Amino acid sequence: MPRSRIPDDTERLVPKNFITEIIDEDLRSGKYDLIVTRFPPEPNGYPHIGHAIASFIDCGIAKDYRGRCHLRMDDTNPLTEEQRYVDAIVRDMRWLGWDWGEHFYFASDYFERLYAMAVDLIRRGLAYVDSLPEEKIREYRGTPDRPGIPSPYRERSLEENLRLFEEMRACKHPEGAHVLRAKIDMSAPNMKLRDPILYRILHAEHYRTGKRWCIYPMYDFAHPLSDFIEGVTHSLCSSEFIENRAVYDWLVEKLAGRVGLPEWPRPKQIEFGRRSLEYTVVSKRKLIKLVERGLVSGWDDPRMPTLSGLRRRGVRPEALIEFARRVGISRTDRTVDLALLEWAIRDDLNPIAPRVMAVSDPLPLELSNFEGTEWIEAPYFPPDIGKPGSRKVPFTKRLFVERSDFSLKPPKGWKRLEVGKATRLRHAYVVVVERAELDEAGEVKRLVGRVVEGSLGQNPRGLKVQGAVHWVSADHALPAEFRLVDRLFRVPHPDELEDFLEAYNPESLIVQQGYVEPSVKDDPKETRYQFERLGYFWQDPVDSRPDRLVFVRIVTLKDTWARRREEALKKEPAKKEAKEASPKAGERARPLNPEEAEVYERCQRLGLGEQEAYLVAKEPAIRAYLEEMSAHLPPSAAAPWVVHVLGPWLRRGTNKIPPEALAELIRTVEERKLTTRRAKELIEEVQEKGGDLLALTEAEAGSVIVDEAELRALAEAVLAAYPDKVEAYRKGKKGLLGFFIGEAMRKSQGRADPKAIRAVFQALLDQAPSA
RNA sequence: UGGGGCGUCGUCUAAUGGCAGGACAGCGGACUCUGGAUCCGCCGGUCGUGGUUCGAAUCCACGCGCCCCAGCCA
């Protein structure tokens with residue numbers, strides 16, 4: 001039996017996060033010894049970038065822990081699911097690099113077992129057949145602020161429930177006639193617990209089980225039990241399922257050790273925050289609109305956020321994995337900056353993409369003093385990449401350069417072609433443009449210039465060369481189509497618009513006819529290039545043919561020049577609006593009733609702080625405890641401890657500390673025989689693990705270090721260990737005082753008297769450095 | 001409005017009562033036959049107000065804001 005283990009931080013694919021913390025603890029405590037997760041898509045659409053992130057969390061974590069990650073189709077809704085989506089998911093998940101071994105499952109394969117579990121619940125009075133029509137069920141469920149009411153069918157006999165459920169299975173009832181529901185709590189504040197529907201009747205053909213079934217399990221039933229069946233330990237899902245966890249746990253608990261399910265391991269659900277991407281939508285409904293309206297060419301249009309679209313665009317799975325890594329995992333829903341994805345794509349391509357030259361918007365340049373063809377050896381990679389390889393590029397009289405690389409009226413800082421200036425043609429000669437020929441419309445039609453002798457491979461003396469531009473030989477270059485792909489939407493959050501299509505970016509695809517250097521015809525079709533100064537491109541896998549080259553732009557180069565030009569035109573962005581002032585503590589809090597007000601008054605007379613007095617008055621558990629304590633200690637001394645330290649446990653009703661023990665602890669602290677820090681640690685320890693606080697207090701009383709000499713020695717030892725920090729402190733980083741005290745506390749196991757040690761540190765640090 | 005979840009640089013994420021750190025973006029510089037890459041530097045944050053504490057992003061209280069839940073979808 002393989003065992004999971006906590007990975008070393010350096011070998012983690014998935015950076016540490018709140019989920020791995022839970023797993024670490026589960027492994028350390030021996031709760032589970034093999035980590036099993038699952039990626040459970042519903043095969044009702046094409047996987048997209050969101051699936052990449054979710055699968056990264058599920059499968060990446062399992063991989064790190066040497067666990068398993070199952071691929072399971074959550075195919076319990078025959079109305080929406082299709083085999084082609086299963087195929088797409090399998091293909092795309094493999095592409096991402098996930099390996100599930102034999103652990104490829106279908107919820108639909110569990111239908112028979114799930115049915116048996118449902119029957120078990122019915123037999124035990126935990127589920128019933130409800131025959132209310134759909135609208136009534138909705139009505140009876142209540143609303144978030146009104147409790148539901150039980151269905152009249154809720155108390156049907158076991159026999160009748162069993163008979164009806166069997167008949168449902170046997171297709172003897174029309175759709176909508178009955179449903180199977182769990183009997184939980186119709187008045188639960190959590191809507192999911194109001195007798196969730198477990199099964200519905202559907203006379204529909206399922207893409208895998210055909211007509212075998214006319215009842216289908218719902219997500220809330222099938223999902224936890226599928227996890228359980230497969231031995232999943234950590235069922236990771238996104239945050240919108242938080243409230244479903246109550247149903248999840250209910251079912252797992254009720255069915256553990258029954259109908260073929262083990263007692264252990266039991267699965268548990270953990271929710272993470274959703275991630276969305278700027279300038280992108282991923283909902284199936286919206287993507288379908290783009291396809292149907294012809295705004296994109298299909299599900300694999302290179303602009304689409306689908307994995308098939310990203311793949312066709314030329315993005316490699318490595319880039320997506322790195323992107324997911326950088327995005328990270330937390331409990332909060334977040335929208336990620338598109339720039340991060342683009343960075344990940346470039347960072348992936350930079351070291352592997354050979355540099356070649358292409359001109360996407362050609363402008364002829366004729367060199368009056370050059371004849372014939374010179375084949376110039378040009379390396380595929382710049383020196384910083386450190387990769388070998390080169391090709392020969394033909395240099396001729398007639399060239400094409402990029403139209404945007406020439407300017408009649410160059411702006412400040414221009415480093416490209418202009419009349420009368422010398423500019424480097426990349427890998428080739430320096431040229432000087434002598435004149436620009438215009439057409440009737442005043443557009444530049446043709447450039448005429450000359451090469452500078454002796455400028456191949458070296459800079460001509462006495463001539464200032466500005467920049468280097470790319471080019472191709474007009475006599476040798478291959479015609480090609482360039483598809484310049486950009487973000488599909490013009491705004492970062494198209495989802496927030498009433499009609500997201502309003503934000504459709506008509507310039508998301510710009511098609512240009514240009515030329516590429518001839519060397520590419522010998523390369524493998526799937527080669528990803530960097531067309532120098534244009535961006536990363538590859539041949540469109542669908543439309544490109546040897547006799548009709550079509551290149552898709554995977555991503556632009558980071559273009560600081562273009563950005564600067566753009567910024568110059570843009571005005572200041574609106575600054576953050578000022579934050580609204582908050583009311584003072586308690587100002588808008590629930591007003592106190594007369595009795596509470598009386599307690600409040602009394603507390604204040606006894607010397608309690610305002611906030612403590614308020615809480616004592618308002619919270620019966622705290623008040624009762626404090627009253628009990630008053631026999632042992634004056635309330636003014638006890639209140640801060642009771643309110644701030646014991647508060648959480650008192651409210652939950654799980655307090656394990658008797659008042660006299662707390663009183664003794666506080667007295668010990670007041671006598672400076674115990675530090676506050678240590679006292680709080682003791683309280684926490686007893687609350688979590690149990691124990692006798694009184695005994696612990698007595699055992700530790702007097703352990704505080706108050707002796708001046710001893711404290712000084714301790715402080716000196718700490719400072720000696722961190723000379724650089726001492727230096728930094730003296731240079732003004734005063735926050736380090738906390739660090740030093742922390743170190744002293746660690747060294748003394750929390751026994752150093754904090755006020756005293758602080759004073760000692762301060763004295764030591766503020767004296768002259770070399771004294 | 002009942003219940004639940006969540007608030008840390010512009011964005012994403014660390015810090016588990018003791019140094020608010022990193023990445024992306026931005027800005028500046030070095031280098032450059034790609035206005036790329038690389039290197040160096042800078043900018044910039046704990047939602048607010050109080051309380052507890054020697055010390056609070058972290059604990060407590062009161063506010064504020066965002067998200068989720070009333071499918072026989074998942």
Side-chain angles (χ1 to χ4, degrees), chain A residues 15-17 21 42 44 74 76-77 79-80 134 137-138 141-146 148 175-176 179 188-192 194 197 199-202 218-219 223 239-243 271 273 275 278 326-337 339-340 343 346 350 355 382 384-385 413 415-416 424-427 459 465 467-470 530 532-533 557-562 564 573 579-589 609-612 614-615 640-641 643-645 647-648 676-677 680 725 728 733 735-743 745-746 753-759:
Chain A
K16 284 208 278 187
N17 60 76
E21 245 168 61
E42 183 190 13
N44 71 344
D74 238 357
T76 54
N77 182 358
L79 270 18
T80 56
E134 202 172 334
I137 287 186
R138 202 178 354 261
R141 186 155 34 223
T143 60
D145 48 349
R146 262 188 306 117
E175 288 186 7
V179 289
N190 177 352
M191 298 290 293
K192 297 284 181 212
R194 322 249 257 230
I197 292 172
Y199 269 91
R200 57 173 169 163
I201 298 172
L202 238 35
M218 305 290 290
Y219 168 86
H223 197 91
S239 54
E240 72 265 32
F241 294 103
I242 285 182
E243 303 189 84
E271 310 85 8
R275 257 75 183 135
E278 283 180 349
R326 299 287 176 141
V327 165
I329 303 169
S330 70
R331 290 191 148 99
T332 323
D333 294 352
R334 298 290 198 181
T335 302
V336 178
D337 194 333
L340 186 65
W343 170 83
R346 288 187 197 110
N350 177 41
R355 273 62 167 171
D384 55 280
I385 304 293
K415 297 207 312 201
R416 309 175 183 184
R424 167 71 64 184
L425 292 182
R426 173 109 241 233
H427 297 305
N459 277 332
V465 178
V469 298
H470 58 279
Q530 186 193 107
E532 292 207 52
R533 307 209 308 129
L557 256 26
K558 184 172 160 183
D559 190 349
T560 41
W561 170 251
R564 211 192 317 166
K579 273 159 188 162
E580 179 189 333
S582 282
K584 291 252 185 281
E587 200 167 84
R588 265 194 245 165
E610 199 179 325
Q611 219 166 94
E612 285 81 13
Y614 175 80
L615 288 165
W641 289 83
V643 170
H644 296 290
V645 185
T676 324
R677 174 195 169 103
K680 285 182 183 172
K725 303 263 189 200
K733 194 166 176 178
L736 283 167
L737 182 59
F739 168 77
F740 294 131
I741 296 172
E743 285 304 299
M745 287 297 180
R746 225 181 313 285
D753 181 86
K755 273 186 200 158
I757 193 89
R758 168 174 286 254

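Note that this is a predicted model, so its numbers are computed, not measured. Order of the sequence lines fixes the chain letters, A, B, ..., with proteins taken first and strands second; residue numbering starts at 1 for each chain.
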Undergrad: When we call it a touch if two heavy atoms are under 4.0 Å apart, what does Gly467(A) touch: a base, just sugar-phosphate, or nothing?
TA: nothing
Undergrad: Whole-Å distance between C68(B) P and Tyr219(A) OH?
TA: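 Rounded to whole Å, this separation is 17 Å.
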Undergrad: For Asp145(A) and Gly176(A), find the nucleotide of RNA chain B closest to each by heavy atoms; which residue's nucleotide sits nearer the 5' end?
TA: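 Here Asp145(A) is the residue nearer the 5' end.
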Undergrad: With C1' as the reference atom in both, quote the distance from G48(B) to G41(B) in angstrom, rounded to an integer.
TA: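 About 34 Å, rounded to a whole number of Å.
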Undergrad: Look at the side chain of Arg416(A) and the base of G35(B), then say whether one donor and one acceptor between them are separated by less than 3.5 Å.
TA: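 It does, because a donor-acceptor pair links the side chain of Arg416(A) to the base of G35(B) below 3.5 Å.
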Undergrad: On a whole-Å scale, what distance lies between the C1' atoms belonging to A14(B) and C72(B)?
TA: 45 Å
Undergrad: Measuring only the P atom in each nucleotide, how far is C24(B) from C39(B)? A whole number of Å is fine.
TA: 10 Å
Undergrad: Taking CG from Leu340(A) and P from A23(B), how many angstroms apart are they, rounded to a whole number?
TA: 13 Å
Undergrad: What contact category does Glu42(A) fall into here, base, sugar-phosphate, or nothing, at under 4.0 angstrom with non-hydrogen atoms?
TA: sugar-phosphate
Undergrad: Kindly label the base of G71(B) as syn or anti, based on whether its glycosidic torsion lies within 90° of 0.
TA: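 It is syn.
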Undergrad: Can you measure from CD (Glu743(A)) to CE (Met745(A)) and round to the nearest 0.5 angstrom?
TA: 12.0 Å
Undergrad: Using a 3.5 Å limit for the pairing distances, which stems of at least 3 consecutive Watson-Crick or G-U wobble pairs does RNA chain B take part in?
TA: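 Only these stems qualify: B:2-7 with B:64-69, B:10-13 with B:21-24, B:26-30 with B:38-42, B:47-51 with B:59-63.
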Undergrad: Does Arg346(A) place a side-chain N or O at less than 4.0 Å from the phosphate oxygens OP1/OP2 of C24(B)?
TA: no
Undergrad: G36(B) and A25(B): how far apart are their P atoms, nearest whole angstrom?
TA: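 It comes out at 12 Å once rounded to the nearest Å.
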Undergrad: Closer than 4.0 Å, any side-chain N/O of Lys558(A) to the OP1 or OP2 of G26(B)?
TA: yes
Undergrad: May I have the distance from Asn190(A) (atom CG) to G4(B) (atom P), rounded to whole angstrom?
TA: 9 Å
Undergrad: Hey, could you give me the CH2/CZ distance between Trp561(A) and Arg416(A), rounded to the nearest 0.5 Å?
TA: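 Nearest 0.5 Å value for the CH2-CZ distance: 7.0 Å.
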Undergrad: Phosphate oxygens OP1/OP2 of G71(B): is one of them under 4.0 Å from a side-chain N or O of Arg138(A)?
TA: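 The answer is yes; a side-chain N or O of Arg138(A) sits under 4.0 Å from OP1 or OP2.
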Undergrad: Does the side chain of Thr560(A) get closer than 4.0 angstrom to OP1 or OP2 of G36(B) through an N or O atom?
TA: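 For Thr560(A), the contact criterion (side-chain N or O under 4.0 Å from OP1 or OP2 of G36(B)) is met.
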Undergrad: For Arg426(A), report the nucleic acid contact type (base, sugar-phosphate, nothing); a contact means any heavy atom under 4.0 Å.
TA: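 If one applies the 4.0 Å heavy-atom cut-off, Arg426(A) turns out to touch a base.
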Undergrad: What nucleotide, of U34(B), C12(B), G5(B), holds the atom closest to the side chain of Arg355(A)?
TA: U34(B)
Undergrad: Heavy atoms under 4.0 Å is the rule here; annotate nucleotides 52-57 of chain B 5' to 3' with B where the base is hit, S where only the sugar-phosphate is, and - elsewhere.
TA: SSBS--
Undergrad: Ignoring hydrogens and geometry beyond distance, is the side chain of Glu243(A) in donor-acceptor contact with the base of G4(B) at under 3.5 Å?
TA: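 Side chain to base: no pair present.
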Undergrad: Find the distance Glu610(A):CD to C62(B):P and express it as a whole number of Å.
TA: 14 Å
Undergrad: Expressed in angstrom and rounded to an integer, what is the separation of Glu743(A) atom CD from G17(B) atom P?
TA: 15 Å
Undergrad: Take atom P in C62(B) and the same atom in G5(B), then report the distance between them in whole Å.
TA: 15 Å
Undergrad: How far does the C1' atom of U1(B) sit from the matching atom of A57(B), given to the nearest Å?
TA: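 So the two C1' atoms sit 31 Å from each other.
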Undergrad: With sequence neighbours excluded, tell me which residues meet ring pair (Phe, Tyr, Trp, His ring centres under 6.0 Å) with His470(A).
TA: none
Undergrad: At 4.0 Å (heavy atoms only), tell me whether Leu615(A) reaches a base, stays on the sugar-phosphate, or touches nothing.
TA: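 Counting heavy atoms under 4.0 Å across all strands, the contact made by Leu615(A) is with sugar-phosphate only.
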Undergrad: Hey, does the side chain of Ser239(A) come within less than 4.0 Å of C68(B)'s phosphate (OP1/OP2), counting only N and O?
TA: no
Undergrad: Rounded to the nearest 0.5 Å, what's the gap from CD1 on Ile741(A) to CG on Leu736(A)? Could you check?
TA: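 If we round to the nearest 0.5 Å, Ile741(A):CD1 and Leu736(A):CG are 11.0 Å apart.
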Undergrad: For nucleotides G65(B) and C31(B), find the distance between their C1' atoms and express it as a whole number of Å.
TA: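 Taking atom C1' in both G65(B) and C31(B), they lie 47 Å apart.
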Undergrad: Which nucleotide wins on minimum distance to the side chain of Ile197(A), given the candidates A70(B), G5(B), C72(B)?
TA: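 Given the options A70(B), G5(B), C72(B), the side chain of Ile197(A) is closest to C72(B).
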Undergrad: Are side-chain heavy atoms of Arg141(A) and Met191(A) found at a separation under 4.5 Å?
TA: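 Side-chain contact under 4.5 Å: yes.
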Undergrad: Compare the minimum distances between each of C72(B), C19(B), G4(B) and the side chain of Lys733(A), then state the nucleotide with the smallest one.
TA: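 Closest of the options to the side chain of Lys733(A): C19(B).
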Undergrad: Pick base, sugar-phosphate or nothing for Tyr199(A), based on heavy-atom distances below 4.0 Å to the nucleic acid.
TA: nothing
Undergrad: Side chain of Arg331(A), backbone of Glu271(A): donor and acceptor closer than 3.5 Å?
TA: no
Undergrad: Return the nearest nucleotide to the side chain of Ala339(A); candidates are A25(B), U34(B), C72(B).
TA: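 It is A25(B).
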Undergrad: Can you check whether Thr143(A)'s main-chain N or O pairs, donor with acceptor, with Asp145(A)'s side chain at less than 3.5 Å?
TA: no
Undergrad: Just how far is it from atom CD of Glu532(A) to atom CZ of Arg355(A), taken to the nearest 0.5 Å?
TA: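 With rounding to 0.5 Å, CD (Glu532(A)) is 7.0 Å from CZ (Arg355(A)).
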Undergrad: When the C1' atoms of A20(B) and C27(B) are compared, how many Å lie between them, rounded to an integer?
TA: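 Going atom to atom, C1' in each nucleotide, I get 22 Å.
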Undergrad: Hey, does the side chain of Arg326(A) come within less than 4.0 Å of U13(B)'s phosphate (OP1/OP2), counting only N and O?
TA: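 So the side-chain polar atoms of Arg326(A) never come under 4.0 Å of the phosphate oxygens OP1 or OP2 of U13(B).
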Undergrad: Tell me the interatomic distance from Trp343(A), atom CH2, to A37(B), atom P, rounded to whole angstroms.
TA: 12 Å
Undergrad: Enter the distance from Leu557(A):CG to Arg346(A):CZ here, rounded to the nearest 0.5 Å.
TA: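 Those atoms lie 7.0 Å apart.
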Undergrad: Is the shortest heavy-atom distance from the side chain of Trp343(A) to the side chain of Arg326(A) under 4.5 Å?
TA: yes
Undergrad: For the pair Asn44(A) (side chain) and Thr80(A) (backbone), establish whether a donor and an acceptor sit closer than 3.5 Å, ignoring hydrogens and angles.
TA: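 Absent.
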Undergrad: Under 4.0 Å, counting only non-hydrogen atoms across every strand here, what does Asp74(A) touch: a base, just sugar-phosphate, or nothing?
TA: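 Touches sugar-phosphate only.
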Undergrad: For the base of G18(B) and the side-chain ring of Phe739(A), does the geometry meet a stacking cutoff of under 5.5 Å between centres and under 30° between planes?
TA: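 Aromatic stack with G18(B) absent for Phe739(A).
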Undergrad: Pick base, sugar-phosphate or nothing for Thr335(A), based on heavy-atom distances below 4.0 Å to the nucleic acid.
TA: sugar-phosphate
Undergrad: Evaluate the side-chain proximity of Val469(A) to Leu425(A): yes if any heavy-atom separation is below 4.5 Å, no if none is.
TA: yes
Undergrad: Would you indicate which nucleotide in U13(B), G50(B), U34(B) comes nearest to any side-chain atom of Gln611(A)?
TA: G50(B)
Undergrad: Without decimals, in angstroms, what is the distance between Arg533(A) CZ and U32(B) P?
TA: 18 Å
Undergrad: Between Ile329(A) and Gly647(A), which has a closest nucleotide on RNA chain B that is more 5'?
TA: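 First, find each residue's nearest nucleotide; the 5'-ward one identifies Ile329(A).
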Undergrad: Quick one: is U8(B) close enough that its OP1 or OP2 comes under 4.0 Å of any side-chain N or O from Arg334(A)?
TA: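 For Arg334(A), the contact criterion (side-chain N or O under 4.0 Å from OP1 or OP2 of U8(B)) is met.
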Undergrad: Would a 4.5 Å heavy-atom cut-off, applied to side chains only, mark Ser239(A) and Asp333(A) as touching?
TA: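 They are in side-chain contact.
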Undergrad: Rounded to whole Å, please give me the gap between CD1 in Ile385(A) and C1' in G36(B).
TA: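 From Ile385(A) CD1 to G36(B) C1': 9 Å.
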Undergrad: May I ask you to test the His644(A)-Glu612(A) pair for a side-chain heavy-atom distance under 4.5 Å?
TA: yes
Undergrad: Just N and O in the side chain of Arg331(A): are any of them under 4.0 Å from OP1 or OP2 of C6(B)?
TA: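 Yes, such a contact exists.
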Undergrad: Please determine, for the side chain of Leu557(A), which listed nucleotide (A37(B), U34(B), C72(B)) has the closest atom?
TA: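 Nucleotide nearest to Leu557(A)'s side chain: U34(B).
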